[in-house]
Chemist: 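One structure is given below, represented as structure tokens, and several questions about it will come after.
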Protein chains: 2
Amino acid sequence: MGSESRCENCIIRQFNSLRAMSKEELKQVSDSKTSKVIKKGEAIFEEGEKLNGVFCVREGVSKLSKLSSNGKDQIVKLATKGEVMGQRSVIAEETSNLSAVAVNDMELCFIPKEAIVNTLHKNPDFTFEVLRLMAHDLREADDVIVNISQKTVKQRIAEAFLYLKSNYGEDEQGFLILTLSREDIANVVGTATESCIRIISEFKKKGLLKSSGKKLGILDEKKLRDLAEGF
Amino acid sequence: MGSESRCENCIIRQFNSLRAMSKEELKQVSDSKTSKVIKKGEAIFEEGEKLNGVFCVREGVSKLSKLSSNGKDQIVKLATKGEVMGQRSVIAEETSNLSAVAVNDMELCFIPKEAIVNTLHKNPDFTFEVLRLMAHDLREADDVIVNISQKTVKQRIAEAFLYLKSNYGEDEQGFLILTLSREDIANVVGTATESCIRIISEFKKKGLLKSSGKKLGILDEKKLRDLAEGF
DNA sequence: TTGAAAAGGTGACAAATATCATATATATTT
DNA sequence: AAATATATATGATATTTGTCACCTTTTCAA
């Protein structure tokens with residue numbers, strides 16, 4: 001086993017709460033963790049499932065979503081390299097309220113909950129770090145609530161593209177690095193797929209977006225921003 | 001100063017994270033806290049304000065809301081006896097993302113952040129308890145997101161009444177103990193005040209709700225529940 | 001490599017919801 | 001108690017968004 005497969009040496013952890021663990025604790029985590037490769041479209045865990053640990057994203061992006069009674073999926077969060085999924089359920093000792101599906105090919109580590117819970121009760125720095133990140137997630141969730149209930153679908157789609165650009169960046173030709181299907185975008189925004197397609201088409205016609213194959217790119221960020229703000 | 005004004009003796013704390021504090025820590029909190037009486041409609045803190053501590057609700061209910069760019073308020077959470085407001089901002093060291101306004105006359109304790117942050121870094125049990133409650137809030141926020149984006153206004157209003165009943169109860173005559181204005185209900189649900197009024201009128205005509213003065217009561221809980229579920 | 005399946009696209013229409021205007025009831029202040 | 005402000009109510013109408021039907025393009029597996 002190469003040394004890069006040890007949590008102690010993993011750069012990913014610099015981006016999440018694991019960085020607050022001691023060498024000792026990390027060693028324990030590393031000894032109990034398992035690595036997983038997940039193909040695009042595959043499920044990592046399902047809503048209602050009891051999680052016996054957390055998942056640390058090493059590569060790729062996962063959508064965390066919840067199925068509503070009418071059969072539609074609402075994407076609540078996208079989890080990226082460095083983020084940990086499933087802590088909420090492990091901490092609250094509840095089944096997961098969300099399901100996680102890979103948006104593209106992923107690599108992740110599974111860390112059994114014992115290693116986490118142990119440290120949570122012993123290392124206040126670690127617990128505080130987890131708390132800090134959860135406080136951040138909660139703020140973002142509040143923002144999503146306000147956006148969904150107060151902005152139009154057009155505004156929210158405009159925002160979604162700005163979010164994709166600022167969080168995942170664009171390639172040399174100006175196309176967004178993270179490509180989501182129209183359906184996924186609709187599920188992030190909370191609208192019907194057809195409405196989403198229609199608005200994206202409109203944005204293309206108006207010169208706000210460009211496309212090439214499956215890729216989409218932002219052409220006029222300022223106008224998109226104005227639109228998102230309601231002008 | 002009566003002994004009931006000491007945090008060590010306060011029953012309220014049994015309902016929140018403060019119960020995980022040691023006698024010693026509670027003493028420190030108690031010595032630094034101040035009590036406040038807030039009249040219905042008064043603000044406790046504003047969006048964007050830097051909070052120098054947290055507020056523990058001893059009596060009454062507060063609405064935590066966020067102003068959107070179109071001038072409407074979205075109520076994200078109602079905080080009740082035993083709940084602590086403002087921890088998110090104190091923990092993340094950010095200005096508040098929400099403002100808090102008293103829904104009825106309130107009594108609360110202000111605890112300066114030093115007392116909290118100190119304990120957060122020293123007492124893992126306390127930190128874990130705060131974390132557990134925040135995990136719970138986050139789950140609720142996820143549920144709100146799904147509800148707002150997937151359910152109709154009618155369904156959400158039905159849900160709001162069921163929530164008010166199960167969380168605040170009803171009096172001997174079957175009227176909800178917590179009375180919210182139609183505007184507040186609209187802001188919880190994320191709709192226009194007029195739409196909210198219209199639907200409440202409809203519910204009354206259909207025999208699902210009754211009213212007397214400002215008070216509203218649930219007449220047919222089962223039908224209300226079916227409606228909320230989409231039948 | 002060729003079909004089937006999935007994703008993207010568009011029109012027509014229906015349904016849900018917001019907005020504006022205005023009226024009435026209720027609460028609050030003087 | 002009158003005057004004023006605020007909350008509730010309702011109609012008419014506009015706007016937004018969803019739904020259904022159908023078509024084209026792309027993707028992927030046999």
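Only heavy atoms go into these numbers, but all of them, side chains included; no hydrogens, no water, no symmetry mates. Bear in mind the structure is a predicted one, so any value in this text is a computation, not a measurement. Every chain is numbered from 1 and lettered A, B, ... according to where its sequence line falls, protein lines coming before strand lines.
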Chemist: Could you give the CG-to-C1' distance, from B:Leu227 to C:dA16, as a whole number of Å?
Modeler: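 The answer, rounded to whole Å, is 15 Å.
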Chemist: Starting at CG of B:Leu216 and ending at C1' of D:dT8, how long is that distance when rounded to a whole Å?
Modeler: 11 Å
Chemist: Do A:Thr193 and A:Glu183 meet the criterion of a side-chain donor-acceptor pair at a distance under 3.5 Å?
Modeler: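 Their side chains do not contain a donor-acceptor pair, so the 3.5 Å distance test is not met.
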Chemist: Would you mind reading off the distance between B:Glu183 atom CD and D:dA9 atom C1', rounded to a whole angstrom?
Modeler: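 From B:Glu183 CD to D:dA9 C1': 15 Å.
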Chemist: Determine: side-chain N/O of A:Ser201 to OP1/OP2 of C:dG8, distance under 4.0 Å, yes or no.
Modeler: no
Chemist: Does the side chain of B:Met85 reach to within under 4.5 Å of the side chain of B:Leu64, using non-hydrogen atoms?
Modeler: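 They are in contact (side-chain heavy atoms under 4.5 Å apart), so the answer is yes.
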Chemist: What is the distance from CD of B:Glu202 to C1' of C:dT17, rounded to the nearest Å?
Modeler: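 Rounded to the whole Å, the gap is 13 Å.
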Chemist: Using only heavy-atom distances, determine whether the side chains of A:Glu159 and A:Asn147 contain a donor-acceptor pair under 3.5 Å.
Modeler: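 The criterion, which ignores hydrogens and geometry beyond distance, is satisfied for A:Asn147 and A:Glu159.
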Chemist: Using the benzene-type ring in the case of Trp, are the ring centres of B:Phe55 and B:Phe45 under 6.0 Å apart?
Modeler: yes
Chemist: Summarise how protein sits on nucleotides 19-30 of chain C as a single string, 5' to 3': B when a protein heavy atom is under 4.0 Å from the base, S for sugar-phosphate-only contact, - for no contact.
Modeler: BB------S---
Chemist: Specify the separation, in whole Å, of atom CD1 of B:Ile185 and atom P of C:dT17.
Modeler: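 In whole Å, C:dT17 P lies 16 Å from B:Ile185 CD1.
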Chemist: State, without any angle test, whether B:Asn97 and A:Asp142 hold a side-chain donor-acceptor pair at a distance under 3.5 Å.
Modeler: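 The answer is yes; a qualifying pair exists.
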Chemist: Describe the nucleic acid contact of A:Lys151 in one word from base, sugar-phosphate, nothing, applying a heavy-atom distance below 4.0 Å.
Modeler: nothing
Chemist: By nearest atom, which of the nucleotides D:dT17, C:dG8, D:dT8 is closest to the A:Thr191 side chain?
Modeler: D:dT17
Chemist: Please give, in whole Å, the distance from D:dT16 P to A:Arg156 CZ?
Modeler: 13 Å
Chemist: After noting the C-alpha distance and the side-chain angles of A:Ile185 and A:Ile200, does the key distance pass the side-chain contact (heavy atoms from CB on, under 4.5 Å) rule?
Modeler: CA-CA 10 Å; A:Ile185 296 174; A:Ile200 290 177; 4.0 Å; yes
Chemist: In this structure, how many angstroms lie between the P atom of C:dA15 and the CD atom of B:Gln155, rounded?
Modeler: 16 Å
Chemist: Expressed in angstrom and rounded to an integer, what is the separation of B:Arg182 atom CZ from C:dA18 atom P?
Modeler: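 From B:Arg182 CZ to C:dA18 P: 17 Å.
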Chemist: Are OP1 or OP2 of D:dT17 and a side-chain N or O of A:Lys154 less than 4.0 angstrom apart?
Modeler: no
Chemist: A quick test of your reading: do over 12 heavy atoms of other residues, nucleotides or ligands sit less than 6.0 Å from NZ of B:Lys223?
Modeler: no
Chemist: Would you say C:dA7 has OP1 or OP2 under 4.0 Å from some side-chain N or O of A:Thr193?
Modeler: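 No.
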